[in-house]
Structures are given as C-alpha cells and as structure tokens.
Amino acid sequence: MSENAVEDETTSVTAATEAKRVRRPRKPTLDAAAAGAVDLARAAAEEVAEEGTVGEHLDAVPEGDRIVSHTFACLLPGYRGWRWTVTVTRASRARNVTVSEVCLLPGDDALQPPEWLPWAERLSPGDVGPQDTLPRKEDDPLLEPGFEETGDADLDQVALWDLGLGRERVLSPLGRDEAAKRWYEGDRGPRTEIAENAKGQCSTCGFFLAIAGSLRQVFGVCASEWSPEDGRVVSADHGCGAHSETDVEVTPDEPTSPLIDDLSPDALDLVDTSASAVSTADDADAHDEDAHDEDDTADAAVEATS
C-alpha cells in the first residue's frame, strides 16, 4: 500500500472517530412527576392572575430534564389566544415538584399589538399637520451635501438651478430614485384608471410642463385647470380626458317640441274684453258715488259740531 493511501485511510478513520465523539443534542423527555403537577401549576397561575381568568389546561411541554411548562387558557378580555404558562421542575432523585416561573405568553393565534417602532419611524405620508415640525435627520440616505461655489460664474449659475447651490443638502441618487418610484407607481402614473381610459398621454399635451433636473424626461406638472391633476406632478405617460389635442364628435342640440305653445291661441282661454271694460267702468262710478256720499256726511257732521 502506498504512503498516500495509508495517509488517506488514517484521515478517514480519524474523521469517523471525531464524528462519533460529537454528541447530538437530544430531545428532552417528559418527566412524569412534573407533567402530573397540573393542580400545582394552576394554583400558581391563579395567585398571579385576576380571579376567574385562568381557563382550562391546554398542554404540558418538556423544556429540559425534569422541567415542564404547563399552559392554561387566558380568559382576560382583549387577550385572545394568550396562555398562562407555569414552569415546574424537580431536583434529581427528588419527588417534590416546585414552581419555577409563572408568566403570560402569546400563542400562535394570539392578538398582539404591532411591533414597536421609534416615533420618527411611525410617521406615514400625510401625517404631518399644518403646525407640525419634523426633527432633522443628520444622516439621511435620501440627501447629500449641496453644491458649493467654485468661483466660476457660468458653472455656479448652472448649479444654482440644477445642483442646488445655496442649499445645505440636496436629493441623493437614492432619494431621486425613491421619489421617482413613488410618483410613477402612484395615482398619477400610467397604471391608473383615468390614464388607461385617456386618448392621449401627458407628454403630448400642451398643458404638460416638464420639471427641471434629471427627472424631466419622465415627469412634469399639469397646468390644465380642467384636469383633476392640475398643479400636480404626473408621469409623461399619464393621461386624462382634458388633453389639449384630443377631441370628440360634438352633435348639435336639436330643439324639442314645447309642452305649451305660447304662440298658438288654441291652448288659451279667450275673455271678452269689451264686457269686462264696461263692468270695470260701472264699478268705478259706483265707487266714486260712495266716496262722494261719505264726504257729504263728514261735512254735515262738522257743521253740526260747530
């Protein structure tokens, strides 16, 4: 046998020996005495819990050698799916079981609050009110230092508009990408109902104002007062029904027949105006006579008094 073969065989035997020496973790067995201490575990849970909130016994789970956790249903309002958990144990070769720990733990279907987040991470878009002020993020990955003056008038003039001269920080490439993704996938992108039904894209509309900077190829501002997007940033492939160049066929309004024809005398009740005039004149004469009689009566009364 060659020297290399002997060396390989020796290595394999050594590896097999080392593998046998490595102990695999064994599963804990359920201790009978600890598992039978249900009444002891219930009494311990009732000492901690409010009266009447420890329910039925659910399970006994081995946690280690002679260590068992008993679980009981929790009847507290608002704690659906939670479990009163009592861990009991006994010493080696001892018969007495003692309580190690009592706690309230959530089950798989437990009703739990959302994961805790710092205040600065709880805010969502739209949460900032008119009188709110956000704290300054010193290390914001969406921002980067602004452009500094170089002394070159032409270069600085360009940077004044494109690179943010005079501002301490400007959008970083990550910040621009995040904003572009948010705008494009939002309700003013190409995948909305109004854009899918539009007959023309914003890029071909006369009211589309391309924004400055690196995003001008994709986004602009709508300047149509008839559009629901007026004054908002829209993608170039967005669209709406107020496009400046689209058109619809306009049908002239046809006059309908009137319900009442005021120009025809057939639907009118005619009155004899001559008889009406005579009657009106007689009434006026009678009224004048009555007024004259009243004046005579008043004069006679004044004379009698004097």
What I'd like to find out is whether the side chain of [X] reaches to under 4.5 Å of the side chain of [Y], using heavy atoms alone.
{"X": "L215", "Y": "W183", "result": "yes"}
{"X": "C202", "Y": "F207", "result": "no"}
{"X": "V233", "Y": "R188", "result": "no"}
{"X": "I194", "Y": "P228", "result": "yes"}
{"X": "R90", "Y": "D31", "result": "yes"}
{"X": "V99", "Y": "L40", "result": "yes"}

Report the distance from atom [atom1] of [X] to atom [atom2] of [Y], rounding to the nearest 0.5 Å.
{"X": "E101", "Y": "S69", "atom1": "CD", "atom2": "OG", "value": "8.0 Å"}
{"X": "C103", "Y": "W84", "atom1": "SG", "atom2": "CH2", "value": "9.0 Å"}
{"X": "R42", "Y": "H57", "atom1": "CZ", "atom2": "NE2", "value": "8.0 Å"}
{"X": "L209", "Y": "F219", "atom1": "CG", "atom2": "CZ", "value": "15.5 Å"}

* Answer with yes or no whether the side chains of H238 and S203 bring together a donor and an acceptor at under 3.5 Å. =>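 There is no such pair (donor and acceptor under 3.5 Å, judged by atom type) between the side chains of S203 and H238.
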* To do: Determine whether more than 12 heavy atoms belonging to other residues, nucleotides or ligands lie under 6.0 Å from atom CG of D109.
  =>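 Yes, because the 6.0 Å sphere around CG of D109 holds more than 12 heavy atoms from other groups.
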* Could E178 and K181 be called an ion pair, given the rule that one side-chain N must be under 4.0 Å from one carboxylate O? ->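 Not counted as a salt bridge, because no side-chain N and carboxylate O are separated by less than 4.0 Å.
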